[in-house]
Amino acid sequence: ASKFGAEAMVHAYHECYGIKPVIIRFSNVYGRYDISERVVPLFIYYALRNRDIYIFGKGKKLDFTFIDDAVDGILKIINRFNKAKGHTFNLSKGKSEPLDKVAQLIIKELNSESKIFYDKIRTGEISSYTGDITLANNLLNFNPKVSLEDGIKESILWYLNTMKSKRYYNIQRRNLLKRNWA
């Protein structure tokens, strides 16, 4: 609701002052520098500690966007600002992924003993979302490149290199860096 409210304010500003805005809608951006309690960092946090992972809503599917793709989209908007003015762009992967797949990838990459459990979807949460990137692709040539699998691996390596206070840091980092992900 707050996002739609903010967009309405931007549109009102346009109507009052005639300035054409660019609105960017991001979809579940994850990767480096995110130490929040959002789903990917939270799943990594739990998997590092072999804690159970709870998913609210069985079959839940969301559109995950790696940070590099989101930044690429922003740069394309800046570099093509005259084309972008007056438009709303979804900067996402354009493909939804099951939340349990995200959890499974993280558990597998960390050789974690975490188990996945399901609970009822929480009030107000979205159970399925796929961003439509057609406009961003057509006007800006926006094409996300990082797969979920590669993005999760990159995210895990960043967390292991950054969060040195983690109990499993040294063992997990050594095991992951030995793998050939190329």
What verdict does the side chain to side chain contact (heavy atoms under 4.5 Å, CB included) test give for Y45 and Y159, after you've listed the backbone C-alpha separation in whole Å, the side-chain angles of each residue and the deciding distance to 0.1 Å? CA-CA 9 Å; Y45 177 87; Y159 285 102; over 6 Å; no

Run the numbers on F43 and I55 for side chain to side chain contact (heavy atoms under 4.5 Å, CB included), then give the verdict. CA-CA 10 Å; F43 285 2; I55 296 175; 4.0 Å; yes

Report the C-alpha separation of L91 and T65 in whole Å, then their side-chain angles, then the decisive distance to 0.1 Å, and conclude whether the side chain to side chain contact (heavy atoms under 4.5 Å, CB included) test is met. CA-CA 8 Å; L91 296 184; T65 313; 5.7 Å; no

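Here the CD-CG distance, from Q104 to L99, works out to 10.5 Å after rounding to the nearest 0.5 Å. Atom-to-atom distance recorded for S147:OG and K153:NZ is 7.5 Å, nearest 0.5 angstrom. Taking CG of L48 as the reference point, atom CD1 of I107 lies at 11.5 Å (rounded to 0.5 Å). Between the CG atom of D72 and the CG atom of N143 there is a distance of 9.0 Å, given to the nearest 0.5 Å. Considering CG of L148 and CD of E97, their distance stands at 5.0 Å, rounded to 0.5 Å. Annotation: the span from I35 atom CD1 to I44 atom CD1 amounts to 12.0 Å, rounded to 0.5 Å.
For Y46, the side chain to side chain contact (heavy atoms under 4.5 Å, CB included) test picks out L42, R51, I53, with sequence neighbours left out. The salt bridge (Lys or Arg N to Asp or Glu O under 4.0 Å) check on D69 picks up nothing, with sequence neighbours excluded. Under the side chain to side chain contact (heavy atoms under 4.5 Å, CB included) criterion, S127 pairs with I121, sequence neighbours left out. Under the rule for a ring-ring contact (aromatic ring centres under 6.0 Å, His included), the partners of F66 that lie at least two apart in sequence or sit in another chain are Y30. Remark: S36 engages D34, R38, P41 in a side chain to side chain contact (heavy atoms under 4.5 Å, CB included) (not counting sequence neighbours). Applying the salt bridge (Lys or Arg N to Asp or Glu O under 4.0 Å) rule to E113 yields no partners; only residues at least two apart in sequence or on another chain are considered. For S96, the side chain to side chain donor-acceptor pair (under 3.5 Å) partners at least two apart in sequence or on another chain are T130.
Considering all non-hydrogen atoms of both residues, F142 and N90 come closest at CE2-O, 4.4 Å. Of all the heavy atoms in F89 and A136, the pair that sits closest is CD2-CA, 3.7 Å. Pairing each heavy atom of V40 with each of I152, the nearest pair is CG1-CD1, 4.1 Å. Annotation for I67 and G31: closest pair CG2-CA, 4.2 Å, computed over non-hydrogen atoms. Closest heavy-atom contact between S92 and P144: O-CG, 3.1 Å.
If you check the side chains of T134 and D132, you find a donor sitting under 3.5 Å from an acceptor.
Other residues, nucleotides and ligands place more than 12 heavy atoms under 6.0 Å from the NZ atom of K101. Within a 6.0 Å radius of NZ in K145, more than 12 heavy atoms belonging to other residues, nucleotides or ligands are found.
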Review item, side-chain donor-acceptor pairs of residues 79-88, under 3.5 Å, at least two apart:
residue, atom, partner, partner atom, Å
N79, ND2, L75, O, 3.1
R80, NH1, L140, O, 3.3

Distance-only check: which donor-acceptor pairs under 3.5 Å involve side-chain atoms of residues 3-12, not counting sequence neighbours?
residue, atom, partner, partner atom, Å
E7, OE1, R25, NH2, 2.8
E7, OE2, R25, NE, 2.8

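Grouping Ile, Leu, Val, Met, Phe, Trp and Tyr residues whose side-chain heavy atoms lie under 4.5 Å apart, directly or via other members, places Y13 in a hydrophobic cluster with Y17, I19.
Listed by first and then second residue, the ring-ring contact (aromatic ring centres under 6.0 Å, His included) pairs that reach into residues 91-138 are Y54-F117, sequence neighbours excluded. Annotation: salt bridge (Lys or Arg N to Asp or Glu O under 4.0 Å) contacts involving residues 55-67, sequence neighbours excluded, comprise K60-E125.
Distance alone, capped at 3.5 Å, is enough to place a donor-acceptor pair between the N161 side chain and the L157 backbone.
Residues I23 and L135 fall into different hydrophobic clusters, defined by Ile, Leu, Val, Met, Phe, Trp and Tyr side chains chained together at heavy-atom separations under 4.5 Å.
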